[in-house]
Amino acid sequence: MTSRPSTSRIWPLFALNFFMADMQSGIGPFVGVFLQERGWASGLIGTAMTIGNVAGMLITTPIGGFIDSSRNKRLWVVIPGICVVAASAIILISQNFWAVTFSQVAQSLASAAIVPAVTGITLGIAKQKGFNALNGRNQAYNHAGNMAGAALSGYLGYKFGYVAVFALAAVFGAIAIACVLMIPAKAIDDRAARGSKEDDSKAPPDAMTMLLKHKALLVLALALALFHLGNAAIVPLYGLAAVAEGQANGPSFVATTVVIAQGVMIVTSLIAMKAASKRNYWPVILVSFTFLPIRGVLAFFVTGWWGVVPMQVLDGIGTGLQTVAVPGMVARALNGTGRINLGQGAVITVQGVGASLSPALGGWIAQWIGYGPTFLLLGGFGLASIALWLAFGAAVRKY
């Protein structure tokens with residue numbers, strides 16, 4: 001890359017990252033307390049969310065391949081935007097189990113497509129040389145969007161109820177669609193967007209075979225799967241525990257947890273960008289794993305408003321590091337293969353196994369033994385990720 005991308009390409013990309021926040025998390029953080037207030041048990045809530053997560057997990061790798069071969073990268077942001085609008089509308093119309101489950105499937109499809117799509121667009125604009133810096137700034141804007149969206153959701157939910165929360169998610173999705181269409185199609189280099197040195201689109205690769213042959217990415221995917229098996233359920237369960245004990249108002253409590261975490265992630269993502277540019281992504285990801293067991297212990301001892309700030313600061317640090325380091329490591333490891341977005345999809349798919357099972361696992365265990373012991377169990381998965389990352393350090397340290 002010989003020059004910085006022009007403003008006409010960059011500000012719509014930053015705006016997209018800001019407003020796409022609800023494509024990734026969407027109404028997810030609010031669904032649990034919304035359903036709990038309507039009489040749903042924690043196990044059934046976790047089951048509906050898990051079905052949606054499994055659907056997203058299954059589609060993530062094929063979507064990565066489609067994005068690699070697509071000549072219209074922007075389309076893969078438009079489709080998730082439509083899914084977010086549909087998910088918000090469905091859950092407002094009906095709280096039937098299958099309607100709620102279908103809304104979670106739509107949300108998961110959006111989450112599955114948006115990360116590799118925006119990664120591809122960013123690579124297509126900045127090329128490999130400029131990717132780390134531009135991706136770091138992307139993540140800062142994304143976390144700022146999450147923070148603003150959560151704050152608005154908390155205020156609107158408190159004033160007007162959950163209808164306003166879900167309507168806001170639909171509005172963010174529509175604005176994100178408009179933002180990506182403002183990026184000039186010719187500004188996105190299709191070959192650079194998939195990390196290819198040659199136009200090899202006629203030979204679509206096998207994602208899982210590629211992942212199994214690339215030891216570093218396989219270790220990354222498995223370590224992330226263990227991490228998210230514990231991490232994905234902690235925030236929803238923490239909110240359920242506080243609301244169930246009458247310690248907090250549902251919308252405002254959930255919004256506060258998200259705002260704090262995302263605010264920390266803005267700073268953390270920029271720090272991760274700087275750290276990776278000086279060394280590599282291995283220590284950044286190692287540090288990110290350490291915060292899950294600490295959060296599990298903290299959640300065991302403190303629930304309600306007293307624990308929100310330290311819990312979410314720790315979450316913001318760990319997750320903020322990963323949002324920069326994971327796509328950066330995949331892009332660096334697969335540079336020149338033409339398979340970067342497929343690799344992103346494959347890693348996210350394996351990671352998604354853990355994230356998909358986490359709500360049901362946490363929900364049912366909490367129903368059986370209570371919230372406190374469940375937090376300790378979920379935090380323990382962070383220790384497993386650390387052990388795996390250290391055991392195979394030789395394979396992943398160079399990235």
Among the clusters formed by ILVMFWY side chains lying less than 4.5 Å apart, do [X] and [Y] turn up in the same one?
X      : Y      : value
Met147 : Met265 : no
Met20  : Ile10  : yes
Val350 : Phe289 : yes

Notebook entry, point to check: In a check of side chain to side chain contact (heavy atoms under 4.5 Å, CB included) between Leu152 and each of Val165, Leu168, Val171, which one passes?
Noted result: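 Among Val165, Leu168, Val171, the one that satisfies the side chain to side chain contact (heavy atoms under 4.5 Å, CB included) with Leu152 is Leu168.
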Checklist line | Residues which pass side-chain contact (heavy atoms from CB on, under 4.5 Å) with Ala144, listed by chain and number, not counting sequence neighbours | finding: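 With neighbours one apart ignored, the set is Phe18, Ile266.
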Margin query: Which residues pass the side-chain contact (heavy atoms from CB on, under 4.5 Å) test with Ala391, not counting sequence neighbours?
Written below: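 side-chain contact (heavy atoms from CB on, under 4.5 Å) check on Ala391 returns nothing, list empty.
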Notebook entry, point to check: Under 3.5 Å, side chain of Asp190 to main-chain N/O of Gly124, donor-acceptor pair present?
Noted result: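 Not confirmed, Asp190 side chain does not pair with Gly124 backbone.
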Next item on the list: Indicate yes or no: at least one non-hydrogen side-chain atom of Gln322 is less than 4.5 angstrom from one of His228.
Entry: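 Yes - at least one pair of side-chain heavy atoms lies under 4.5 Å apart.
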Next item on the list: Check Asn280 against Arg332 and note the closest heavy-atom contact, atom names and distance.
Entry: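 Nearest heavy atoms, Asn280 then Arg332: CA-NH1, 3.7 Å.
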Next item on the list: Sequence neighbours left out, what passes ring-ring contact (aromatic ring centres under 6.0 Å, His included) with Phe14? Give chain and number order.
Entry: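 With neighbours one apart ignored, the set is Tyr141.
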Checklist line | Partner residues of Thr119 under the side-chain hydrogen bond (donor to acceptor under 3.5 Å, both in side chains) criterion, sequence neighbours left out | finding: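 Residues passing side-chain hydrogen bond (donor to acceptor under 3.5 Å, both in side chains) with Thr119: none at all.
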Margin query: According to salt bridge (charged side-chain N to carboxylate O under 4.0 Å, His left out), does anything in residues 284-297 pair up with another residue at least two apart or in another chain? List the pairs.
Written below: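 Listed by first then second residue: Arg295-Asp315.
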Under 3.5 Å donor-acceptor pairs involving side-chain atoms of residues 373-388, not counting sequence neighbours:
{"unit_1": "Thr374", "atom_1": "OG1", "unit_2": "Ala366", "atom_2": "N", "d": "3.3"}
{"unit_1": "Thr374", "atom_1": "OG1", "unit_2": "Gly370", "atom_2": "O", "d": "2.7"}
{"unit_1": "Ser385", "atom_1": "OG", "unit_2": "Ala223", "atom_2": "O", "d": "2.8"}
{"unit_1": "Ser385", "atom_1": "OG", "unit_2": "Phe227", "atom_2": "N", "d": "3.0"}
{"unit_1": "Ser385", "atom_1": "OG", "unit_2": "Phe381", "atom_2": "O", "d": "3.4"}

Margin query: Would you say Thr122 and Asn138 are linked by a side-chain donor-acceptor pair, where the criterion is simply a distance under 3.5 Å?
Written below: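 The criterion, which ignores hydrogens and geometry beyond distance, is satisfied for Thr122 and Asn138.
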Margin query: Between His143 and Thr323, does the side-chain hydrogen bond (donor to acceptor under 3.5 Å, both in side chains) criterion hold? Intermediate values first, please.
Written below: CA-CA 10 Å; His143 298 316; Thr323 57; 3.2 Å; yes
